[in-house]
K.L.:
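Before we start, here is the structure in question, set down as structure tokens.
These figures come from a predicted structure and were not determined experimentally.
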Amino acid sequence: MELVAGVVAALGVQPLGEDRFGVTGASPLARETLFGGALLAQALLSADATVPDDYAVHHLHGEFPQRGRAGEPIVFAVDRVKDDRSLSSRRVVGRQGARVVVTLEASFQRAREAGAQFHVPAPARFPADAVAAGELAVHGDGGFGIEFVDATGSANGTLSTEVEAWYRAAQPLPAQPVWHAAVLTLVSDMAVPAVAVTAAGLLAGGPEDEGGPGTVATTSVNHTMWFHRPLRADEWFVLTSQPLSTAHGRGVALGSAHDGAGRHVASIVQEIYLK
């Protein structure tokens, strides 16, 4: 591929041998704390590198025990928990020195013919007319090589409790399905959790008050995803989310991802701390 997509350059991991993978810890965002969605995507890429090519991720659960610091190398160690003829499981621990900054449990399924089919239909269609008319702008994410269209205003500092945001990688991604799952993992952390904050009448910021005055600091606690169908993440897909509960300094939100054809490709549940 002549042109390396920005998201590939930002998230790519390097094999270190013995099921260990490394990154420099650089962050494309102007912040000292590493972005949780990027850490999950890198842990997923590391896990996928240890399973056969005909296996694809169908579930992951990630947690963030300690904050990652930009500029410090990260080593992802993969434990091959299970391998059989149809399913494989991996556990990944990402460390910066002695600090564990991310853990990932991921399950992979061998490719098989589709069986019985059902999915909840997409709640929205891509607002192409509004974009063409200039009513909705296409934005860049500020570093990861992602484009998005904010159809509900939820990404612009409002108190909306609804999210309908369309995303795609700005440049073509590699053909391997894991890259498309990794991009979806990355952007789900951008779109889903904030509604758990706004539902409580607060305005979400990042870790350590990165959102500025008037916002509440938030930190991801855990992040779970189910991948139902393949996705082309360099084509437009929509993320919608709704708040489930906010109490005791924690908030939980539920998200869904649909592709441009309206197929339900993933479900997401995320919990954050409010400070």
K.L.:
Could you check L254, V192, V195 and say which one makes a side chain to side chain contact (heavy atoms under 4.5 Å, CB included) with Q242?
P.N.:
L254
K.L.:
More than 12 heavy atoms of other residues, nucleotides or ligands under 6.0 Å from CG of D54: is that the case?
P.N.:
yes
K.L.:
Under the side-chain hydrogen bond (donor to acceptor under 3.5 Å, both in side chains) test, which residues partner D84, sequence neighbours left out?
P.N.:
none
K.L.:
Does F148 reach the side chain of M190, with side-chain heavy atoms less than 4.5 Å apart?
P.N.:
no
K.L.:
Do W179 and L45 come close enough that some side-chain heavy atom pair is under 4.5 Å?
P.N.:
yes
K.L.:
Are L60 and F227 side-chain neighbours, meaning at least one heavy-atom pair lies under 4.5 Å?
P.N.:
yes
K.L.:
Suppose we screen for salt bridge (charged side-chain N to carboxylate O under 4.0 Å, His left out). Which residues come up paired with R95, at least two apart in sequence or across chains?
P.N.:
none
K.L.:
Going by heavy atoms in the side chains, are D234 and R168 under 4.5 Å from each other?
P.N.:
no
K.L.:
Hey, are H61 and E63 close enough side-chain-wise for a donor-acceptor pair under 3.5 Å?
P.N.:
yes
K.L.:
Would you indicate whether the side-chain heavy atoms of L34 and F64 approach each other to under 4.5 Å?
P.N.:
no
K.L.:
Which pair of heavy atoms, one from V13 and one from P15, lies closest together, and at what distance?
P.N.:
O-CD, 4.0 Å
K.L.:
What's the verdict on side chain to side chain contact (heavy atoms under 4.5 Å, CB included) for H228 and S267, showing C-alpha distance, side-chain angles and the deciding distance?
P.N.:
CA-CA 8 Å; H228 309 303; S267 300; 2.8 Å; yes
K.L.:
Starting from M225, can I reach L244 by hopping between I/L/V/M/F/W/Y residues whose side chains sit under 4.5 Å apart?
P.N.:
no
K.L.:
What closest approach, in Å, do L40 and G62 show between heavy atoms, and which atom pair accounts for it?
P.N.:
CD2-CA, 3.6 Å
K.L.:
According to salt bridge (charged side-chain N to carboxylate O under 4.0 Å, His left out), who are the partners of E271, at least two apart in sequence or on a separate chain?
P.N.:
R250
K.L.:
Measuring from R99:CZ to E72:CD, what's the distance to the nearest 0.5 Å?
P.N.:
4.5 Å
K.L.:
Mind checking the CG-CD spacing from D53 to Q176? Nearest 0.5 Å is all I need.
P.N.:
8.0 Å
K.L.:
How far apart are the C-alpha atoms of I74 and V102, what are their side-chain angles, what is the distance that settles it, and do they pass the side chain to side chain contact (heavy atoms under 4.5 Å, CB included) test?
P.N.:
CA-CA 10 Å; I74 307 171; V102 63; 5.7 Å; no
K.L.:
Do you know which two heavy atoms are closest between A70 and S27, and how far apart they sit?
P.N.:
CB-CB, 4.1 Å
K.L.:
Apart from Y273 itself, what residues make up its hydrophobic cluster, given side-chain heavy atom links below 4.5 Å?
P.N.:
V221
K.L.:
Could you list all the side-chain hydrogen bond (donor to acceptor under 3.5 Å, both in side chains) pairs where at least one residue sits in residues 6-20, not counting sequence neighbours?
P.N.:
D19-R80
K.L.:
Just jot down the ring pair (Phe, Tyr, Trp, His ring centres under 6.0 Å) partners of H258, sequence neighbours excluded, or say none.
P.N.:
H264
K.L.:
Can you tell which of D79, D48, D83 makes a side-chain hydrogen bond (donor to acceptor under 3.5 Å, both in side chains) with R90?
P.N.:
D83
K.L.:
To the nearest 0.5 Å, tell me how far L44 CG sits from L39 CG.
P.N.:
12.5 Å
K.L.:
Please check if the side chain of T246 supplies one atom and the backbone of A196 the other of a donor-acceptor pair under 3.5 Å.
P.N.:
yes
K.L.:
Step by step, would you call W236 with V149 a side chain to side chain contact (heavy atoms under 4.5 Å, CB included)?
P.N.:
CA-CA 9 Å; W236 289 110; V149 173; 3.8 Å; yes
K.L.:
Under the rule for salt bridge (charged side-chain N to carboxylate O under 4.0 Å, His left out), what residues qualify as partners of D189, not counting sequence neighbours?
P.N.:
none
K.L.:
I need the minimum non-hydrogen distance between A47 and V92, along with the two atoms involved.
P.N.:
CB-CG2, 3.7 Å
K.L.:
Could you tell me whether the side chain of V183 reaches within less than 4.5 Å of the side chain of F144, counting heavy atoms only?
P.N.:
no
K.L.:
E164 side chain to V238 main-chain N or O, any donor-acceptor pair under 3.5 Å?
P.N.:
no
K.L.:
With a 4.5 Å heavy-atom cut-off, do P65 and T103 have their side chains touching?
P.N.:
yes
K.L.:
Indicate yes or no for a side-chain donor-acceptor contact from Q96 to the backbone of R69 under 3.5 Å, with no hydrogens or angles considered.
P.N.:
yes
K.L.:
Please write out which residues are connected to L16 in a hydrophobic cluster, directly or through intermediates, given that two of Ile, Leu, Val, Met, Phe, Trp, Tyr count as joined at side-chain heavy-atom separations below 4.5 angstrom.
P.N.:
V75
K.L.:
Decide yes or no for L184 and F237: does some side-chain heavy atom of the first lie under 4.5 Å from some side-chain heavy atom of the second?
P.N.:
yes
K.L.:
Hey, could you give me the OG1/CD distance between T224 and E105, rounded to the nearest 0.5 Å?
P.N.:
10.5 Å
K.L.:
Run the side-chain hydrogen bond (donor to acceptor under 3.5 Å, both in side chains) test against H58 and tell me which residues pass, sequence neighbours left out.
P.N.:
none
K.L.:
Can you list the residues that meet the salt bridge (charged side-chain N to carboxylate O under 4.0 Å, His left out) rule with E235, with sequence neighbours excluded?
P.N.:
none
K.L.:
For H223, which residues count as a side-chain hydrogen bond (donor to acceptor under 3.5 Å, both in side chains) partner, sequence neighbours excluded?
P.N.:
S188, Q270
K.L.:
To the nearest 0.5 Å, how far apart are OH in Y55 and OG in S107?
P.N.:
12.5 Å
K.L.:
I need the minimum non-hydrogen distance between R263 and P230, along with the two atoms involved.
P.N.:
NH2-O, 2.8 Å
K.L.:
Of all heavy-atom pairs between G68 and V101, which one has the smallest distance, and what is that distance?
P.N.:
CA-CG1, 3.6 Å
K.L.:
Kindly give the cluster partners of V93, where membership spreads through any ILVMFWY side chain lying under 4.5 Å from a current member.
P.N.:
V100
